[in-house]
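Everything numeric in this text was worked out from a predicted model, so none of it was measured. The basis for the numbers below is simple: all heavy atoms, side chains too, and nothing from hydrogens, waters or symmetry mates. Convention: sequence-line order gives letters A, B, ...; per-chain numbering from 1.
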There are 2 protein chains.
Amino acid sequence: MRPREFDHDDVLRIAFDQFWRKGVRGTSLSDIARDAGVQRGSLYNAFGSKEALFLQAYERYAGDYLLALQKALGTGSLRKRLTAFFDLTITNFRSGTPPRGCPTTRGLMELGAAEGEGLDEEARQVFAGLISRITALVQDTLSAGAERGEFNGNAGAAALHIITVTRGLAVLERAFGDEPQLRKIAAHTIDLVLGRKGG
Amino acid sequence: MRPREFDHDDVLRIAFDQFWRKGVRGTSLSDIARDAGVQRGSLYNAFGSKEALFLQAYERYAGDYLLALQKALGTGSLRKRLTAFFDLTITNFRSGTPPRGCPTTRGLMELGAAEGEGLDEEARQVFAGLISRITALVQDTLSAGAERGEFNGNAGAAALHIITVTRGLAVLERAFGDEPQLRKIAAHTIDLVLGRKGG
DNA sequence: CATGTTCTTGACGTCGTGTCAAATACTTCA
DNA sequence: TGAAGTATTTGACACGACGTCAAGAACATG
């Protein structure tokens with residue numbers, strides 16, 4: 001056994017950074033290889049394909065992202081929690097250091113990756129899994145809020161609604177990039193779901 | 001002057017159909033050329049690039065789509081109009097004849113097209129323009145409904161909210177493909193915006 | 001120190017985009 | 001009717017990216 005000359009996780013981080021900054025399509029394995037100081041062939045040997053590499057990098061990110069969301073949803077009044085949730089989501093659209101006019105957002109990266117063919121099905125499932133887990137997180141938060149009398153309504157439906165708005169915001173961000181407006185929409189959504197009390 | 005041997009609009013239609021079925025990335029100009037019975041070079045001569053061709057095909061589609069939306073938003077009670085609007089939007093996600101497990105939807109095609117680099121900026125603007133026009137349409141409908149007492153609230157904010165949900169549905173459709181659930185979310189959104197009266 | 005397994009390396013094949021010059025076909029003007 | 005001019009078509013070319021493969025290199029194990 002000959003040991004790897006590079007760190008698996010380092011490459012994953014570097015790859016994700018590139019995918020995020022330049023988009024999946026706009027990032028070649030040569031770019032990643034150069035940045036990571038690794039031969040291109042080694043990447044194929046270690047990960048199999050560009051898409052498999054993306055998937056691993058994405059799943060790694062998804063884990064971190066979920067933890068952050070969980071934290072944001074864990075303190076304060078229900079309204080505060082939801083506000084923090086939207087804040088984190090919107091901030092995340094442009095976190096990092098995007099280049100000139102970069103329209104690529106983490107919030108929709110997986111769509112760019114799946115566009116065309118290839119790992120479509122697998123990327124779809126990974127993405128769907130992330131969405132589901134986020135929805136569950138929000139739903140739990142709403143249910144807990146309901147028990148404290150901060151919300152009355154269908155927690156499942158409301159959570160689904162919130163997640164839908166969240167994904168819609170990602171699309172709008174890509175089209176307009178207007179962050180203040182996104183926050184207005186988010187606030188409005190919270191008002192609608194919570195019934196405007198306290199707003 | 002030598003006249004073109006193919007019809008500009010025919011090619012646009014054929015190209016859009018391919019883009020829709022296989023995604024922008026998954027469609028090569030060779031595919032379109034073969035389907036249209038045109039030489040690949042002629043496409044470059046006539047349209048400039050794959051992305052320019054996509055943009056023209058997309059703008060053509062956008063015009064048709066807007067007309068259909070306008071029609072859907074034009075009859076019945078406000079609730080009926082919004083329901084028709086969401087129906088058309090959701091149906092449009094999968095209209096046509098997608099191949100096996102096709103995850104590409106018209107609702108997000110432009111994102112796949114813009115992924116990476118190239119015409120990013122231009123595609124973004126075209127997409128943003130379409131979103132804006134749809135938002136205006138919805139807002140007008142809400143304002144008209146408000147005058148008839150069917151809605152009271154901020155028509156602008158509500159329209160933005162609805163459009164956001166719409167784009168979010170497109171993302172969810174891509175992730176889950178579960179149409180019944182999309183319709184539930186749509187109905188819930190209408191309830192939230194209209195205040196659940198009559199539902 | 002020999003052996004074997006895995007990783008690395010560089011060359012190759014394929015496909016897709018985009019460019020270019022030469023050939024072609026049509027219009028227009030004489 | 002015929003010649004000139006112009007835009008289109010055509011096929012070859014260059015380039016970059018993904019993916020494969022065989023040969024060489026480096027390490028663990030006996």
Query raised in the report: How long is the line joining CZ of Phe19(B) and C1' of dG16(C), in whole Å?
Result: 13 Å

**Report entry** Where at least one partner belongs to residues 27-47 of chain B, residue pairs that pass salt bridge (Lys or Arg N to Asp or Glu O under 4.0 Å), sequence neighbours excluded
**Finding:** Lys22(B)-Asp31(B), Asp31(B)-Arg34(B)

Requested in this report: Mind checking ring-ring contact (aromatic ring centres under 6.0 Å, His included) for Tyr44(B) and listing every partner two or more places apart, or none if nothing turns up?
Outcome: none

Query raised in the report: Can you list, by residue number, the residues of residues 31-49 of chain B that have a non-hydrogen atom closer than 4.0 angstrom to DNA chain C?
Result: Arg40(B), Tyr44(B), Ser49(B)

Requested in this report: Treat primed atoms plus P, OP1 and OP2 as sugar-phosphate and everything else as base, then score nucleotides 25-30 of chain C 5' to 3': B for base contact with protein heavy atoms under 4.0 Å, S for sugar-phosphate contact only, - for none.
Outcome: BBS---

Query raised in the report: Can you check the Arg4(A) CZ to dA28(D) P distance for me, whole Å?
Result: 15 Å

Query - Any residue meeting ring-ring contact (aromatic ring centres under 6.0 Å, His included) with Phe86(B), in chain and number order, not counting sequence neighbours - result: none

Report task. Name all pairs fulfilling the side-chain hydrogen bond (donor to acceptor under 3.5 Å, both in side chains) condition that reach into residues 135-147 of chain B, sequence neighbours left out, sorted by first residue then second. Result -> none

Requested in this report: Starting from P on dA17(D), measure out to CD on Glu51(A) and report it in whole angstrom.
Outcome: 16 Å

Query raised in the report: What residue pairs, at least two apart or across chains, pass ring-ring contact (aromatic ring centres under 6.0 Å, His included) with a residue in residues 160-180 of chain A?
Result: His161(A)-His161(B), His161(A)-His188(B)

Report task. Would you please name every residue forming a side chain to side chain contact (heavy atoms under 4.5 Å, CB included) with Gln70(B), sequence neighbours left out? Result -> Leu67(B), Leu137(B)

Requested in this report: Work out which heavy atom in Phe47(A) is nearest to a heavy atom in His8(A); give both atom names and the distance.
Outcome: CE2-NE2, 3.3 Å

Report summary line: Sorted by chain and residue number, the ring-ring contact (aromatic ring centres under 6.0 Å, His included) partners of Phe85(B) (sequence neighbours excluded) come out as none

Query raised in the report: Over how many whole Å does the gap from Lys50(A) atom NZ to dT20(D) atom P extend?
Result: 15 Å

